[in-house]
Amino acid sequence: MAVKKFTSLLHHLNNAEDGRRWLYVPYDQVSDKIGPLAREEPEKLGIILVENPWKAARRPYHKQKLGLILANLRHFALEQARRGVAVRHVVTNGPYHLALETLSRELGQITMMEAAERELRIDLEGLTTGGAIKVIPHEGWLTKAADMEAAKSKDGSYRMDSFYRAVRQRTGILMEAGKPEGGKYSFDSENRQAWTGQPEAPAIPTFEIDEITEEVGDLINKHFAHHPGTLDLSKIPATAKDALTLWQWARENCLTYFGPFEDAMSSRSNSLFHTRISAALNICRLLPAQVVTDTLELDIPLACKEGFIRQIIGWREFVHKIHRATDGFRQQTNETAEEPGDANYKAWAKKSWHQQVDLKKNKQNVEPDGGALCSFLGSRNDLPQAYWGQQSGLNCLDTVIKTVWDEGYSHHITRLMVLSNIANLLDISPRQLTDWFWLAYTDAYDWVVEPNVMAMGTYGVGGLMTTKPYISGAAYINKMSDYCRGCRYDPAKNCPITRLYWAFLERHNDKLSGNQRLAMPLNSLKKRSLKDKSIDKAVFEKTLQILNDGQILPVDIVSQ
Ligand SMILES: Cc1cc2nc3c(=O)[nH]c(=O)nc-3n(C[C@H](O)[C@H](O)[C@H](O)COP(=O)(O)OP(=O)(O)OC[C@H]3O[C@@H](n4cnc5c(N)ncnc54)[C@H](O)[C@@H]3O)c2cc1C
């Protein structure tokens, strides 16, 4: 790997190694505000940072994601060397335990905060149980495993709202004399406005590209050019300072309007008033404690404040705890994928990802596997090429997919009500869709992407975490976005999404009947004529086949 400028600068700044206590800092813990780096004298500490092309090759990750991780890892190395910490930056091309085993023999016992990613915990299991690595708690979380007790229902399912209430009560966040501020725990019902262009959505922040980031860009273009997606270095918050700039941008431009437009979608803005901080939070460049404290101090409407805080101390913490509690949903199934999935990359690229990248070469141990194979509804279809950038003819899908491949980002409702919704309606395998989100988004790691996609997005684990599948016809998309205005289909007449919605309910009626939250649509389904039901089914079959072939849906698909 080309590491010239970075290596020479690190060499110049680095510190003597003798007598230090060594810490391993994984790629997603690049912070000196938590753990031993926050408390102990830098001159007494050494850190190990591992760059790993093997990890990058496990999935066809978006180039922007590789850029984000590498640029942050390298800047973190330099930031810590400047503070007086000794830095061992190593490049390895295989499981992490191989590199760390060798280093532990040389440097003595290594300490690390527990890895957030299950994949990394499994990789290092031999070293952590054998004592070569001592694991201390990860200080980046705001909640404890015990908080999940409140979230667990008698039937074994978990509910975010119960979890969130318990966390509010325990921490006193947004509480007054034991009662929630404003008289209720959630203002979600007030947060469902569409966006018509006012107030104007903020321009997204960009960051200075220094020579270290530039070198990361060169490296990606040289060694990872076969990975999908556009690399735009100016959109990568690469340093500790960039992350704070991003957060300041979010505070000044987004949070005042965060609540009302939280569910809105628009082709004119990919993030509207969403903060874009997830990628920085998930590598610890920003910490949830700081984000919550700062937000509480803002003079913004309570519905916005509460709505945003719920995302951080509610949803984000909840999905992490659920991933731990279910061992990445391995408790819900005996089936796991043998190797990391490429989300049907081969249908689009005309060659399989693993043909290009021989994972087995370095697969000294069986784990980490490719994740739990859950599908409550029995959905098994392959992800259409439209998710890889092939036009589908559905403006909502094509618009969101373009932004994903341009940026490695889209906001929550586009993920849920466009990308997951359409995949659900087509009976796409939850595992394939999860793998796609994992590789395409810059903020995706197993602990966050698996609950969000396999549980929330696809209902792949049934009612374990959500009360119903998040599905909708064209009416919802039209109400909450401007996508339909730029589309060949009329949402009130001939949009196939509405037909797909009814066909979905009909196909899965048996498994969904009895679900109170679906009582209304299932009742309407009963009243649907046989002729309509037969058209619904035909549209489903044709749509699936046409998208599988990588073709654009015809305008008259509903009337054909
Ligand atoms: C199908 C699907 C896949 C998703 N995959 C991921 C993923 O891989 N990584 C990821 O971080 N989030 C994921 N999410 C959750 C959420 O969509 C993103 O966190 C959010 O869109 C990030 O954009 P933002 O920073 O602008 O968020 P904002 O809307 O500004 O929210 C603020 C923060 O709240 C946190 N948050 C909100 N909801 C969630 C949630 N459900 N899970 C975890 N954190 C949450 C994030 O850290 C986010 O940055 C997914 C959601 C869905 C429906």
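No hydrogens, no waters, no symmetry mates; every other heavy atom, side chains included, goes into these values. Note that ligands are numbered from 1 as they come in the structure, with each ligand's atoms numbered from 1 the same way.
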So which of His274, His412, His411 actually passes ring pair (Phe, Tyr, Trp, His ring centres under 6.0 Å) with Phe258?
His274
Please check: side-chain N/O of Arg121 versus main-chain N/O of Ala116, any donor-acceptor pairing under 3.5 Å?
yes
Does Gln432 reach the main-chain N or O of Leu383 with its side chain, forming a donor-acceptor pair under 3.5 Å?
yes
Using the salt bridge (Lys or Arg N to Asp or Glu O under 4.0 Å) rule, collect all pairs that involve residues 458-476, keeping only residues at least two apart or in two chains.
none
Could you tell me how the ring of Tyr27 sits relative to the ring of Tyr445: parallel (under 30°), tilted (30 to 60°) or perpendicular (over 60°)?
parallel
Under 4.5 Å between any side-chain heavy atoms of Ser271 and Ile204, yes or no?
yes
Sorted by chain and number, the residues that approach ligand 1 to under 4.0 Å with a heavy atom:
Phe258, His274, Thr275, Arg276, Ile277, Ser278, Leu281, Asn282, Phe308, Gln311, Ile312, Trp315, Arg316, Val319, Tyr409, Ser410, His411, His412, Arg415, Leu416, Ser420, Phe437, Asp443, Ala444, Val448, Val449, Asn452, Val453, Met456
